[in-house]
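For reference, the structure discussed in these notes is given below.
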Amino acid sequence: MRYDLVIFDNDGVLVDSEPISNRLLAAYLTELGHQTSYEDAIRDYMGSAMHRIHDLVQERTGQRLPDDFDDVFHARVFAAFEEELKPVAGVAEVLEQLAADGVPYCVASSGSHERIRVGHRTTGLDRWFEESRIFSSEDVGRGKPAPDLFLHAAARMGVAPGRCAVVEDSPLGVQAAVAAGMDVYGFTAMTPVERLRGATQLFSDMGQLADLLE
């Protein structure tokens with residue numbers, strides 16, 4: 001394999017959480033008086049850290065979200081995860097192949113450490129990700145589209161940015177990977193192709209990934 005490290009985004013790449021979380025986000029924002037459709041949530045917030053939601057709502061409306069917004073939202077998401085969350089089809093096979101080939105990998109997510117771990121426990125992906133392989137936007141000052149999280153993950157894993165491949169499904173994540181000087185593989189299962197045009201390569205089926213990385 002031509003890479004020394006494969007960095008996975010989490011939501012929408014490892015766990016099929018984007019439909020769940022964006023449905024709940026749209027409903028909660030609307031409940032608070034900020035009319036938001038599911039499509040709006042996907043377009044504006046997919047792949048972003050929680051602070052971006054706060055920042056965009058305040059920028060657009062001049063109003064601050066409630067202090068307990070994050071806690072309430074995460075409680076709703078985690079409850080839904082327990083009932084609905086599945087791993088992305090084919091990703092367990094990709095992880096198994098990387099492990100068999102001895103290729104280092106990790107996850108670098110805009111989500112909180114708690115969200116990552118809840119998702120992995122629920123879907124059984126926790127067997128592939130011990131603590132040393134998990135990185136969150138909570139670990140750095142700026143989330144995606146800043147390159148900080150990917151650079152942090154590469155540094156902690158001991159790999160130069162130019163030797164890393166990132167697997168992403170959001171425009172913000174693609175921007176962050178490009179800014180970090182990494183190749184990025186854009187997963188288009190949920191995201192329109194035109195929104196991931198900055199990626200090194202695009203693919204729509206997780207079963208294709210192992211071959212693309214070789």
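All values below come from the heavy atoms of this structure, side chains included, with hydrogens, waters and symmetry mates left out.
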Report all side-chain donor-acceptor pairs from residues 92-103 shorter than 3.5 Å, counting only partners two or more places apart or in another chain.
{"from": "Gln97", "atom 1": "NE2", "to": "Asp101", "atom 2": "OD1", "distance (Å)": "3.1"}
{"from": "Gln97", "atom 1": "NE2", "to": "Asp101", "atom 2": "OD2", "distance (Å)": "3.0"}

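Cluster annotation: Leu14 is not connected to Val166 through the hydrophobic network of ILVMFWY side chains, with a link wherever side-chain heavy atoms come within less than 4.5 Å. Residues Phe81 and Tyr45 are members of one and the same hydrophobic cluster, defined by side-chain heavy-atom contacts under 4.5 angstrom among Ile, Leu, Val, Met, Phe, Trp and Tyr.
Looking at heavy atoms from C-beta onward, Val15 lies in side-chain contact with Leu125 at the 4.5 angstrom threshold. In this structure, the side chains of His120 and Arg127 stay at 4.5 Å or more apart for every pair of heavy atoms. Counting heavy atoms from C-beta on, the side chains of Pro66 and Leu32 come closer than 4.5 Å. By the 4.5 Å heavy-atom criterion applied to side chains, Gln175 and Val178 are not counted as neighbours. No side-chain heavy atom of Arg142 sits less than 4.5 Å from a side-chain heavy atom of His51. Considering only heavy atoms from C-beta on, Val77 comes within 4.5 Å of Arg115 through its side chain. Taking the side chain as every heavy atom from C-beta outward, Tyr28 and Thr36 never approach each other to under 4.5 Å. When side chains are defined from C-beta on, Pro19 counts as touching Tyr38, because their heavy atoms get closer than 4.5 Å.
Between the side chain of Ser37 and the backbone N or O of Asp40, at least one donor-acceptor pair lies under 3.5 Å. Of the possible polar contacts, one joining the Glu138 side chain to the His113 backbone as a donor-acceptor pair under 3.5 Å is found. For His34 (side chain) and Thr30 (main-chain N/O), no donor-acceptor pair under 3.5 Å exists by modelled atom type.
Take Glu114 and apply the side chain to side chain contact (heavy atoms under 4.5 Å, CB included) test, not counting sequence neighbours, and it matches Phe78, Ser112, Val118. For Arg156, the side chain to side chain contact (heavy atoms under 4.5 Å, CB included) criterion is met by Phe135, His152, not counting sequence neighbours.
Checked against the 6.0 Å centroid threshold, Phe203 and Tyr185 do not count as a close aromatic pair.
Among all heavy-atom pairs drawn from Leu25 and Ala41, the shortest one is CD2-CB, 4.4 Å. Looking at every heavy atom in both residues, Met182 comes nearest to Pro161 through CG-O, 3.3 Å. Looking at every heavy atom in both residues, Lys144 comes nearest to Ser110 through CD-OG, 3.4 Å. Shortest non-hydrogen contact noted between Glu18 and Asp11 is OE2-O, 3.3 Å. Among all heavy-atom pairs drawn from Ala180 and Phe150, the shortest one is CB-CB, 4.2 Å. Across every non-hydrogen atom of Asp16 and Ile20, the tightest pair is O-CD1, 4.2 Å.
In summary, Asp55 and Arg52 do not engage in a salt bridge, as defined by a charged side-chain N under 4.0 Å from a carboxylate O. The pair Arg121-Glu82 does not count as a salt bridge, with every side-chain nitrogen at least 4.0 angstrom from each carboxylate oxygen. At a threshold of 4.0 Å, the pair Arg60-Asp44 counts as salt-bridged, since one of the basic side-chain nitrogens sits closer than that to a carboxylate oxygen.
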Trace of the side chain to side chain donor-acceptor pair (under 3.5 Å) decision for Thr191 with Asp169: CA-CA 6 Å; Thr191 310; Asp169 70 331; 4.7 Å; no
Worked check of side-chain contact (heavy atoms from CB on, under 4.5 Å) between Leu202 and Val193: CA-CA 8 Å; Leu202 300 174; Val193 168; 3.4 Å; yes
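Within 6.0 Å of CG in Asp67 there are 12 or fewer heavy atoms belonging to other residues, nucleotides or ligands. For Arg64, the CZ atom is loosely surrounded, since the number of other residues' heavy atoms within 6.0 Å does not exceed 12. Atom CD of Glu194 is surrounded by more than 12 heavy atoms from other residues, nucleotides or ligands within 6.0 Å.
A side-chain donor from one of Tyr3 and Asp183 sits under 3.5 Å from a side-chain acceptor of the other.
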